[in-house]
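In what follows, every chain begins at residue 1, and chains take the letters A, B, ... in the order their sequences are listed.
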Protein chains: 2
Amino acid sequence: MGNAYNVMAATCPSRTVLHRIGARWTVFIVNALDNRPMRFTELKAHIRGITPKALTEALRAMEYDGLISRTEIPASPPHVEYALTDLGRSLLTPLRAIREWAESHVPDIERARARADAQR
Amino acid sequence: MGNAYNVMAATCPSRTVLHRIGARWTVFIVNALDNRPMRFTELKAHIRGITPKALTEALRAMEYDGLISRTEIPASPPHVEYALTDLGRSLLTPLRAIREWAESHVPDIERARARADAQR
DNA sequence: CCCGGACGGTATAGATTCGATACCGGTATC
DNA sequence: GATACCGGTATCGAATCTATACCGTCCGGG
């Protein structure tokens with residue numbers, strides 16, 4: 001059956017969805033939460049180079065879209081846990097594929113860039 | 001075998017690769033060039049809402065990275081054709097998956113957003 | 001020869017987002 | 001009481017993206 005949505009259409013709602021998936025840190029967060037929930041500082045340590053502001057914004061946005069859940073745990077000391085929702089977990093396969101493509105094609109891209117640089 | 005690259009490392013070159021894949025228009029362009037080369041204006045018409053500047057920049061960047069090729073065809077009238085390279089074609093499968101995820105999960109995301117909005 | 005249109009872009013300005021850095025309130029531990 | 005960790009905010013300047021207007025080349029028609 002055909003799909004009701006088409007990202008190529010300027011005003012299609014799938015555009016905003018795609019925009020969120022493609023946002024700077026989404027792929028990192030989904031991959032990081034792959035096999036267990038994590039706390040804020042844990043995520044920050046795991047995803048090297050992310051600033052707390054960027055992490056906060058990404059987590060809030062993903063929570064808003066139902067990709068992750070934020071749970072305050074009233075233990076002592078209290079802390080916060082972020083976890084993938086079912087919806088977020090369904091993103092895991094495609095985003096893991098993206099991550100793997102990136103990691104496995106670094107030499108190809110670097111070769112292409114070097115060739116392009118040399119051409120001038 | 002383990003991978004030599006890891007996107008979670010702050011300075012890993014795979015970061016720049018991932019950044020390019022995740023750039024605003026890459027997924028659109030790769031999907032558009034799926035089964036045939038296209039000309040500039042054709043791409044612009046196909047990817048609704050993209051500005052010529054954004055398209056130019058995205059195409060240049062993707063050419064630099066070896067994902068697409070740009071060919072000036074000296075016919076009459078002369079024109080320009082953009083096509084996926086082998087490397088670009090290898091991105092097709094993961095990026096098509098992303099597109100399909102976006103198109104098929106619109107209702108889920110919209111429900112989540114509505115629920116979050118209602119909560120306040 | 002001149003006009004108009006299609007093609008493949010540039011130029012410029014404004015809005016938006018991003019990153020770096022510093023700071024902060026609450027809780028627990030020493 | 002001092003110190004440290006957690007989960008963030010605040011602020012500001014730099015980089016990026018969008019909208020809009022414009023442009024040179026080539027071509028076909030009149």
Mind calculating the distance between [atom1] ([X]) and [atom2] ([N]) to the nearest angstrom?
X	N	atom1	atom2	result
A/Glu72	C/dG26	CD	P	14 Å
A/His79	C/dG26	NE2	C1'	15 Å
B/Glu63	C/dG8	CD	P	14 Å

Within the structure, does a side-chain N or O atom of [X] lie under 4.0 Å from either OP1 or OP2 of [N]?
X	N	value
A/Arg24	D/dC17	no
A/Trp25	C/dG19	yes
B/Arg70	C/dG9	yes
A/Ser76	C/dA28	yes
B/Tyr82	C/dG9	yes

_So if I apply the side-chain contact (heavy atoms from CB on, under 4.5 Å) rule between A/Ile98 and each of B/Val27, B/Val7, B/Leu95, which one comes out positive?_
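Answer to the side-chain contact (heavy atoms from CB on, under 4.5 Å) test with A/Ile98 among B/Val27, B/Val7, B/Leu95: B/Leu95.
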*Provide the full list of side-chain hydrogen bond (donor to acceptor under 3.5 Å, both in side chains) pairs with a residue in residues 87-104 of chain A, sequence neighbours left out, each pair given once.*
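As it turns out, the side-chain hydrogen bond (donor to acceptor under 3.5 Å, both in side chains) pairs with a partner in residues 87-104 of chain A, which skip direct neighbours, are A/Asp34-A/Arg96, A/Asp86-A/Arg89, A/Ser90-B/Trp101, A/Arg99-A/Glu103, A/Arg99-B/Asn6, A/Trp101-B/Ser90.
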*Could you give me the CA-CA distance, side-chain angles and deciding distance for B/Ile68 and B/Leu59, then say whether side-chain contact (heavy atoms from CB on, under 4.5 Å) is met?*
CA-CA 8 Å; B/Ile68 60 173; B/Leu59 290 171; 3.5 Å; yes
*Among residues 35-55 of chain A, which residues get a heavy atom nearer than 4.0 Å to DNA chain D?*
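Heavy-atom cutoff 4.0 Å gives A/Arg39, A/Phe40, A/Thr41, A/Pro52, A/Lys53.
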*Identify, with sequence neighbours excluded, every residue that meets salt bridge (charged side-chain N to carboxylate O under 4.0 Å, His left out) alongside A/Arg48.*
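Salt bridge (charged side-chain N to carboxylate O under 4.0 Å, His left out) list for A/Arg48, sorted by chain: empty.
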*Output yes when a side-chain donor or acceptor of A/Thr56 lies under 3.5 Å from a complementary backbone atom of A/Pro52, and no otherwise.*
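It does hold such a pair.
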*Within one Ile-Leu-Val-Met-Phe-Trp-Tyr cluster: B/Phe28 and B/Tyr64, side-chain cutoff 4.5 Å*: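 Cluster IDs for B/Phe28 and B/Tyr64 differ.
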*Could you say whether A/Glu57 or A/Pro78 is positioned toward the 5' end of DNA chain C, judged by the nucleotide with the nearest heavy atom to each?*
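Checking each residue's closest nucleotide, the 5'-ward one belongs to A/Glu57.
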